[in-house]
Amino acid sequence: MKCLAQGKYVTATVVDHIVPHLGDHYLMWSDTNWQALCKSCYDKKTGTEDSRPVYSY
């Protein structure tokens, strides 16, 4: 999923939340929870996360 891990050098165009913030303001704005991804990797990661949401009660 991540280009560099596959040996590809691609320009990052999207800032992604490593751990989905799900409305948590700390996770949303914590720069340690950000990573730069290309649009293709971002779409794959987000699509996977959105199709398998994790709920906590």
Side-chain angles (χ1 to χ4, degrees):
M1 177 168 40
K2 295 177 184 167
C3 296
L4 188 56
Q6 297 172 0
K8 300 179 199 171
Y9 291 88
V10 178
T11 302
T13 56
V14 180
V15 176
D16 174 60
H17 293 94
I18 299 165
V19 176
H21 62 80
L22 303 174
D24 180 314
H25 288 274
Y26 176 78
L27 287 176
M28 183 182 306
W29 297 109
S30 174
D31 60 0
T32 61
N33 191 38
W34 299 341
Q35 65 181 342
L37 295 177
C38 71
K39 179 77 165 102
S40 176
C41 287
Y42 173 80
D43 289 346
K44 288 177 193 171
K45 179 181 180 284
T46 303
T48 299
E49 291 169 351
D50 289 350
S51 67
R52 298 184 195 130
V54 176
Y55 299 101
S56 59
Y57 300 96

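Reckoned from all heavy atoms, side chains included, excluding hydrogens, waters and symmetry mates.
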Any Tyr9 side-chain heavy atom under 4.5 Å of Leu4 side chain: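 Result yes, sub-4.5 Å side-chain heavy-atom pair found.
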
Would you say His17's side chain and Val19's backbone share a donor-acceptor pair under 3.5 angstrom?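 No.
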
Can you list the residues that meet the salt bridge (Lys or Arg N to Asp or Glu O under 4.0 Å) rule with Asp16, with sequence neighbours excluded?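 Once residues adjacent in sequence are excluded, the partners of Asp16 under the salt bridge (Lys or Arg N to Asp or Glu O under 4.0 Å) criterion are Lys45.
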
For Leu27 versus Pro20, what's the shortest heavy-atom pair and its separation?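 That closest heavy-atom pairing would be CD1-O, 3.8 Å.
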
On a heavy-atom basis, the closest approach of Trp29 and Trp34 is O-CZ2, 3.5 Å

Spacing of Asp24 atom CG and Asn33 atom CG [to the nearest 0.5 Å]: 9.0 Å

Approximate separation, where rounding is to 0.5 Å, of Gln35 CD and Cys41 SG: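 One finds 9.0 Å between CD of Gln35 and SG of Cys41.
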
